[in-house]
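Structure record follows, encoded as structure tokens.
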Amino acid sequence: MHPQPTGPELGASFIFAAMRRGFGGHCPKCGQGKLFQGYLKPLSACASCGEDTGRIYTADIAPYFTILIVGHLIVPPLLLTEQLAQPNLWLQAAIWPTLALLLTLWFLPRVKGSIMGLMWALGMRGHEQQ
Ligand SMILES: [Zn+2]
């Protein structure tokens, strides 16, 4: 178990460890229990340590960062391919949207888990303004 530090104990390594556990779909506190039931729905609590991870509300930040990442992975090779090879339009219309969809589906739960790990490490729950 990794107790949540506060104050000066809260360092970058602690934050990155929580984000790495979240990226892998595991509880940011213990790294053992699962973070999600199904694809994206957070479990109400960690089955291993009981941490209340289900109340971490990420809103739209996970799709935002997923779009940012996937866009940077898709657009440069797309433009480079067009500049160097000019493949048929139907081929590009088949490849790039499919690749973008697959990358989005792969990244979205991992980015959401990372954000949940970051928010957990910082003691944020996403309802601070309410
Ligand atoms: Zn846990």
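Only this structure's heavy atoms are used, side chains among them; waters, hydrogens and symmetry mates stay out. We number each residue from 1, following the sequence as shown. Counting convention: from 1, in listed order, for ligands and their atoms alike. None of the values given here were measured: they were computed from a predicted structure.
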Closest approach of C27 to T53 (non-hydrogen atoms, all atoms of both residues):
SG-CG2, 4.4 Å
Heavy-atom nearest pair, A100 first then T104, reads O-OG1, 2.7 Å
Is there a side-chain contact between T81 and P87 (heavy atoms, below 4.5 Å)?
yes
2.8 Å cut-off met by an N, O or S atom of H26 to the Zn ion (ligand 1):
no
Rounded to 10°, the SG/C49 to the Zn ion (ligand 1) to SG/C27 angle comes out at 110°
Angular separation of C46 SG and C30 SG about the Zn ion (ligand 1), given to 10°:
110°
Out of curiosity, Y64 OH to I69 CD1, how far, rounded to the nearest 0.5 Å?
11.0 Å
